[in-house]
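All figures in this text were calculated on a predicted structure; none of them were measured in a lab.
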Amino acid sequence: MAINKNHEFEDFDGTRCAVVERNVSPERVAFLKNLLGYNNYKVIVVGSPPPKAAAVAKPMPVADGVTSETVNVPVPPPPPQTFTVGVTDVTFNAINAVFGRLLHARNGQVVTLAYWAQKDPISNEDIPYFENGN
C-alpha cells in the first residue's frame with residue numbers, strides 16, 4: 001500500500017518492486033529499461049491487466065420483429081498491449097529521481113524532465129527550460 005499515488009509498490013513475479021510507470025508502450029519500456037539499467041536499477045516489466053470489459057446488452061426488439069442481434073454492431077479492436085515497469089529498489093520514486101537530479105543519461109548528463117518524458121532526444125541541462133521553447 002502506497003502512502004500516496006507518487007510512491008506505489010507491489011509484487012512483480014514474486015519480487016517486491018517500486019512502480020515506475022503503468023500502462024506504457026513497448027517503446028517506452030525499452031527506453032526506461034535502458035535508462036534505469038544504466039543507473040544500476042534492476043528493472044522488472046510485467047504486462048498490464050486488460051481494461052474492464054463493458055457488460056453485454058441483451059437483444060431487444062427494435063422494430064417489426066427485427067432484434068438488435070441482426071443489426072451490425074462494430075466490434076471494438078483489442079486493446080493495445082501495455083506494460084507496468086518497476087524497479088527492485090522500493091525506495092525509488094521517479095519524481096524524486098528526476099527533480100533530485102539522481103539519474104544520468106548515457107552521455108553523462110543529468111536526466112531532465114523533457115528527456116524523461118521523451119520530448120527531448122538528448123539530456124541537455126545547459127539549456128534552461130524557459131529558453132527551450134517547449
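In this structure the side chain of Asn34 reaches within 4.5 angstrom of the side chain of Arg106, judged on heavy atoms. Here the side chains of Phe9 and Cys17 are not in contact, with every heavy-atom distance at 4.5 Å or above.
With sequence neighbours excluded, the residues forming a side-chain contact (heavy atoms from CB on, under 4.5 Å) with Asn96 are Asn93, listed by chain and number. For Asp89, there are no salt bridge (Lys or Arg N to Asp or Glu O under 4.0 Å) partners two or more places apart in sequence or in a different chain. Partners of Thr84 according to the side-chain contact (heavy atoms from CB on, under 4.5 Å) rule, which considers only residues two or more places apart in sequence or in another chain, are Phe12, Val19, Arg22, Val46, Ser48.
Leu102 and Val90 sit in two unconnected hydrophobic clusters of ILVMFWY residues. Membership requires side-chain heavy atoms under 4.5 Å apart, directly or through other members. Leu103 and Val29 end up in the same hydrophobic cluster when Ile, Leu, Val, Met, Phe, Trp and Tyr side chains are linked at under 4.5 Å.
Pairs engaging residues 26-48 under the ring-ring contact (aromatic ring centres under 6.0 Å, His included) rule: Phe31-Tyr115, Tyr41-Phe92 [sequence neighbours left out]. Applying the salt bridge (charged side-chain N to carboxylate O under 4.0 Å, His left out) test to pairs two or more places apart or on separate chains, those with a residue in residues 26-40 are Glu21-Arg28.
Minimum interatomic distance between Gly47 and Gln81 (heavy atoms only, all atoms of both residues): CA-NE2, 4.1 Å. Of all non-hydrogen atoms in Trp116 and Ala94, the two that sit nearest each other are CZ2-CB, 3.8 Å. Taking both residues in full, the closest heavy atoms of His104 and Val111 are given as C-CG2, 3.7 Å, listed atom of the first, atom of the second, then distance.
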Worksheet item: Could you go step by step and tell me if Ile44 and Val87 meet the side chain to side chain contact (heavy atoms under 4.5 Å, CB included) rule?
Response: CA-CA 6 Å; Ile44 296 180; Val87 293; over 6 Å; no

Practice prompt. Test Val43 against Val85 for side chain to side chain contact (heavy atoms under 4.5 Å, CB included), laying out the working first.
Written response: CA-CA 7 Å; Val43 179; Val85 179; 3.8 Å; yes

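Atoms NZ and CG, on Lys42 and Leu36 in that order, are 14.0 Å from each other to the nearest 0.5 Å.
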